[in-house]
Amino acid sequence: MKALVPFLAVVFLVLLVIAGVKAAGLYFLFGVAVPYAAAAIFLLGFVYKVVKWGRTPVPFHIPTTCGQQKSLPWIKPNSIENPSGTGGVIMRMLLEVFLFRSLFKNRKTKIKGDYIAYSWAPWLWLSGMAFHWSFLLIVIRHLRFFFQSVPVPVQALEHLDSILNWGVPALYITDVIFLAAVTYLFLRRVTLAHLKAITLPADYFPLFLLFGIGASGALMRYHLRVDVVGVKELVMGLVSLHPAAVAGIGTIFYIHLFLISTLFAYFPWSKLVHAGGVFLSPTRNLSNNSRVVRHVNPWNYPVKVHTYAEYEDDFREKMKMAGLPVEKE
Amino acid sequence: MAKEKEPKPEELFQSIDYKAPKKFWMDTPAQIRPGMFCWGAKAKSLNTVGFPNARDWNPSEENWKLPDNWQEILIEGLRERLDKYRSLRLFMDICVRCGACADKCHFYIGTGDPKNMPVLRAELMRSVYRKYFTTGGKVLGKLAGARELDLQVLKEWWYYFFQCTECRRCSVFCPYGIDQAEITMAGRELLNLIGLNIEWIMGPAANCYMKGNHLGLEPHTIVNNVEFMLDDIETLTGIRINPSFNRKGAEILFVTPSGDLFADPGTYTCMGYLMLFHELGLDYTWSTYASEGGNFGFFTSNELAKRLNSKIYAEAKRLGVKWILGGECGHMWRVLNQYMDTWNGPADFLEVPKSPITGTVFENAKATKMTHIIEFTADLIKHGKLKLDPSRNDHLNVTFHDSCNTARGMGVFEEPRYVINNICRNFFEMPRETIREQTFCCGSGSGLNAGEDMELRLRGGLARANAVKYVHDKHGVNMLANICAIDRAALTTSMNYWVPGVTVAGVHELLANALVMTGEKPRETDLRGEPLPASEEDVSVSARAVTQAEGETAGGEANV
Ligand code: HEM
Ligand code: SF4
Ligand code: SF4
């Protein structure tokens, strides 16, 4: 049920394009206006979010320490998992962002006889890595449409990605991994009971969207061939700010483009902003040096305290009887 | 929970069911179940610290006696906190519900209750955040995972924010470091705005405010309690110790959780401190005003935590000490490491801590001027300043429990292990997934160590206890060492229930067992009065034999 509404939403988006492009010929709307609008919403929204987080103070110094602290000179600190300086924090963040370090630590908790057992559970990590990396590489490959002459690194990537040399045109490995990973991420949400329980429609929606993007892209490349020259013309028009609607590329392309536009426009307002948020997470991006350098809270304010003088007033006689020194006799 | 109703450990263990419910979690209101919650905070305690809506109330009754505009207060309170804490705002926005944290919480492991999965505990608040603070949530409602803050939701907040010990284990595994402790802390702060704390937290906090410590020990009682310990030490060692209280001009102020002054096994740890400091001839003083290292204010609101914490620096200043030494405690050290200086610093009237015995300057406490006793002691041992006879702990097979806060809010891992390995000869680690940064909470942290929520505590304590059981079964471990006052009390209860035969001690108790004091009489028992393993023979002889066998120098010259 929770998956049905987002699924229908994506189907609806696809039908919308078919109606708009195929039936009504709205090439400018779907080829120019929507992508521009999506890009604008994405950029402004993302900046808005990051600025909003960035402006919110970090009142306390709260790194989650996952290794030995820097204390005595003869005890080896874990400078990455418990960084004491900026270098360590950078390393920690790089490992998080590129290798999903924390996710790699995942263990599954089970009851085995009399014991609680923890078994290695790399699947989430693996599928997460597969999804994000293939996504990134596919995005980079798409840069070929954004330059008059395709940059060399992009060419190299294309070459590597199609190195298996299967079929015509050659199959991209990242396409397979991307679709497989997204499929797996969806399947785990519907098959693992506890995960199903926490999943919201807002978790299914991006997965359907991503699958739609991948599937329409693959269809376009391997099956329903489209006019690639036309695509390049359209995209170059968009990036050079001289947009022009191009007819006759093929509806499947407009489906692909529209789903991507939706993803971008949706991005800042959804959980997908984790891509920016991860960099700002105070449990990860602070070094554990709050005993060495004072961390200042911008909204720190004076509070009412119970002073020693008040305390002594409350207990003076008892203190004297117990032989404790007092300030006032 | 009354004694006769207490389920057998096997029954409790077998009752755990990880099956997910058929219904969506939003459609299953919380059942406030006896044994799983603590009594509501009393009017008296709330009044002492000036908290709102002070009244006596009972969580198991329908009417919680809330102010009419409670909803408005909470929404405004949430808005304020979203603007004050980046952690909260970010953690409301970026969770992808990947589920990595789901089975990492000891309360989920011990109860199987889906709402004890950290991600769902967070969703309890996140759903309300969406409803009032995001466009999607306002427009799409439940479809966007949003819901109104109604009375049922409020009760659910209360029930589950007091089933989280703020242990941060979830944040270790989350790809973005989302820390449910931050959300629980915000949640509890909000609940405090309408008088919904628990007495087990508010009572100690109020005590600490007025009397200087959670237990409400008045100055003369503190002195008396210490006197009792001094008598015991004299019986044990023949040495009479003479510590000072509230003494101006001492070099060091010593602050430890008041639990150490009150009941065993904490008192044994406290005897350990007293014996160690005496042996060193340390120029230090206790304070009856700043007689609490822990901070139950931390479990109510940031503001009250700051108010309670202020006493430590204030007292250090009044007494004119050079630096502060802190005892064994968990959340105390999270506060001292990550909060104290920010709240009540800068401590520019103090000097950077320097061990008067070894000359080591504790650069890692350059700003706060407060050193952890385990750092202090590890440094002493490293410099060979203590005569130690580890054979006196030969009757113990020891394992070490990393406290959540010193583990994930500081990173104290090697210091205690170094000390233990120098004072005991039989040390066994629990499984990797249950120690160090992955350590499990005792199940009773963050002020949940009451009596009425015993089932919650036992369930929450299961993950830790079960790892102890593993080394108990495998290596015959009979001693669970730790550096936390709440652990000493809570783990004792947990062990008695889950792993009978394992006792619990602070590291400095074990240190004092092994510590060879100048002029002491031959020890016949350990600090608890248990006969020493070799006490039929001459302890010093056996110690010397051991020393020769292992080629060490520390314990050998003992009491020759
Ligand atoms: C800085 C970069 C990023 C980091 C460190 C990061 C990290 C993660 C991690 C650790 C997960 C959880 C594992 C998983 O469920 O696969 C995740 C999930 C996800 N990420 Fe990212 N991510 C980043 C950027 C992005 C971007 C640019 C997108 C854009 C499409 C994205 C889309 C998603 C989606 C859809 C999921 C959920 C998968 C699911 O539902 O199971 N991420 N991300
Ligand atoms: S691990 Fe982090 S992102 Fe994943 S469900 Fe838990 S809190 Fe959310
Ligand atoms: S902080 Fe600890 S108790 Fe709270 S949800 Fe996370 S793992 Fe559970």
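Throughout, protein chains are lettered first and strands after them, A, B, ... in sequence-line order, and every chain is numbered starting at 1.
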**Fill in**
dist A/Met319:CE -> B/Phe245:CZ (nearest 0.5 Å) comes out at 11.5 Å
**Message:** Need one label for B/Ala467: side chain, backbone, both or neither, based on atoms under 4.5 Å from any heavy atom in chain A.
**Reply:** neither
**Asked** When you check the side-chain N and O atoms of B/Glu303 and A/Tyr301, is any donor under 3.5 Å from an acceptor?
**Response** yes
**Asked** Would you call A/Glu312 and B/Asn246 a side-chain contact if the rule is heavy atoms closer than 4.5 Å?
**Response** no
**Item:** B/Ser171 versus A/Thr64, side-chain donor and acceptor atoms under 3.5 Å
**Value:** yes
**Asked** For B/Arg417, is it the side chain, the backbone, both or neither that has a heavy atom under 4.5 Å from a heavy atom of chain A?
**Response** neither
**Message:** Ignoring hydrogens and geometry beyond distance, is a side-chain donor-acceptor pair present between B/Asn337 and A/Asn288 at under 3.5 Å?
**Reply:** yes
**Pick from B/His220, B/Arg307, B/Lys104 with the largest number of heavy-atom pairs that fall under 4.5 Å of chain A** = B/Arg307
**Asked** Shortest non-hydrogen contact from A/Ile62 to B/Ser87?
**Response** CD1-CB, 4.1 Å
**Message:** For A/Tyr311 and B/Thr288, which I'm curious about, is there any donor-acceptor pair between the side chains at under 3.5 Å?
**Reply:** yes
**Item:** Contact winner vs chain B - A/Gly54, A/Ala202, A/Pro302, heavy-atom pairs under 4.5 Å
**Value:** A/Gly54
**Request:** Sort A/Asp314 into side chain, backbone, both or neither according to what part of it lies under 4.5 angstrom from a heavy atom of chain B.
**Result:** side chain
**Complete:** Taking every heavy atom of B/Met410 against every heavy atom of A/Asn82, the minimum-distance pair comes out as O-ND2, 3.1 Å
**Message:** Using every non-hydrogen atom in the two residues, find where A/Ser102 and B/Pro175 come nearest and quote the distance to one decimal.
**Reply:** CB-CA, 4.2 Å
**Nearest heavy atoms of A/Ser281 and B/Phe91, plus distance in Å** = OG-CE2, 3.7 Å
**Item:** Distance-minimising heavy-atom pair for B/Cys98 and A/Leu124
**Value:** O-CD2, 3.8 Å
**Prompt:** Does any donor atom in the side chain of A/Asp114 or B/Tyr470 lie under 3.5 Å from an acceptor atom in the other side chain?
**Reply:** no
**salt bridge (charged side-chain N to carboxylate O under 4.0 Å, His left out) assessment of A/Glu327 paired with B/Arg318** = CA-CA 10 Å; A/Glu327 301 256 330; B/Arg318 184 182 77 87; 2.7 Å; yes
**Message:** Measuring only between side-chain heavy atoms, which start at C-beta, is B/Glu182 closer than 4.5 Å to A/Pro282?
**Reply:** no
**Request:** State, to 0.1 Å, how close B/Asn364 and A/Arg291 come at their nearest heavy-atom pair, and which atoms those are.
**Result:** O-CB, 3.0 Å
**Request:** Would you tell me whether A/Thr65 and B/Glu437 have side-chain atoms, one donor and one acceptor, within less than 3.5 Å of each other?
**Result:** no
**Asked** A/Trp299 vs B/Tyr85 aromatic rings, parallel, tilted or perpendicular, using cut-offs 30° and 60°?
**Response** perpendicular
**Request:** Answer yes or no: is there a donor N or O on one side and an acceptor on the other, between the side chain of B/Gln338 and the main chain of A/Pro63, under 3.5 Å?
**Result:** yes
**Prompt:** Do B/Met210 and A/Glu310 come close enough that some side-chain heavy atom pair is under 4.5 Å?
**Reply:** no
**Request:** State whether a side-chain donor-acceptor pair under 3.5 Å links B/Glu414 with A/Gln69.
**Result:** no
**Request:** Under 4.5 Å, counting heavy-atom pairs only, tell me which of B/Lys248, B/Lys19, B/Arg247 racks up the most with chain A.
**Result:** B/Lys248
**Message:** Distance check, rounded to the nearest 0.5 Å: B/Cys101 atom SG versus A/Ile198 atom CD1?
**Reply:** 6.5 Å
**Item:** Atom pair CG (A/Leu72) and NE2 (B/His383), whose distance is rounded to the nearest 0.5 Å
**Value:** 9.0 Å
**Asked** Looking at side-chain heavy atoms only, is the closest gap between A/Lys271 and B/Ile94 below 4.5 Å?
**Response** no
**Prompt:** Which value, rounded to the nearest 0.5 Å, describes the distance between B/Phe173 atom CZ and A/Arg101 atom CZ?
**Reply:** 11.5 Å
**Message:** Under 4.5 Å from any heavy atom of chain B, what part of A/Lys70 do you find: side chain, backbone, both or neither?
**Reply:** backbone
**Item:** Sub-4.5 Å side-chain heavy-atom contact between A/Trp269 and B/Thr134
**Value:** no
**Prompt:** Counting distance only, does the side-chain N/O of A/Thr109 pair as donor-acceptor with the main-chain N or O of B/Asp103 below 3.5 Å?
**Reply:** yes
**Request:** Give the ring-plane orientation class for B/Trp343 versus A/Phe60, where under 30° counts as parallel, over 60° as perpendicular and anything between as tilted.
**Result:** perpendicular
**Request:** Check whether any side-chain heavy atom of B/Arg408 lies under 4.5 Å from a side-chain heavy atom of A/Cys66, and answer yes or no.
**Result:** no
**Heavy-atom contact with chain A under 4.5 Å, split by part of B/Asp83** = backbone
**Message:** Other residues, nucleotides and ligands only: do more than 12 of their heavy atoms fall within 6.0 Å of CZ on A/Phe7?
**Reply:** no
**Prompt:** Most heavy-atom pairs under 4.5 angstrom with chain B, which of A/Arg294, A/Lys318, A/Lys2, A/His194?
**Reply:** A/Arg294
**Request:** Indicate the ring-plane relationship of B/Tyr176 and A/His274, choosing parallel, tilted or perpendicular according to the 30° and 60° boundaries.
**Result:** tilted
**Asked** Just checking, is any N or O donor in the side chain of A/Trp74 or B/Asp379 under 3.5 Å from an acceptor N or O on the other one?
**Response** no
**Request:** With rounding to the nearest 0.5 Å, note down the distance linking NZ in A/Lys52 to CG in B/Leu82.
**Result:** 8.5 Å
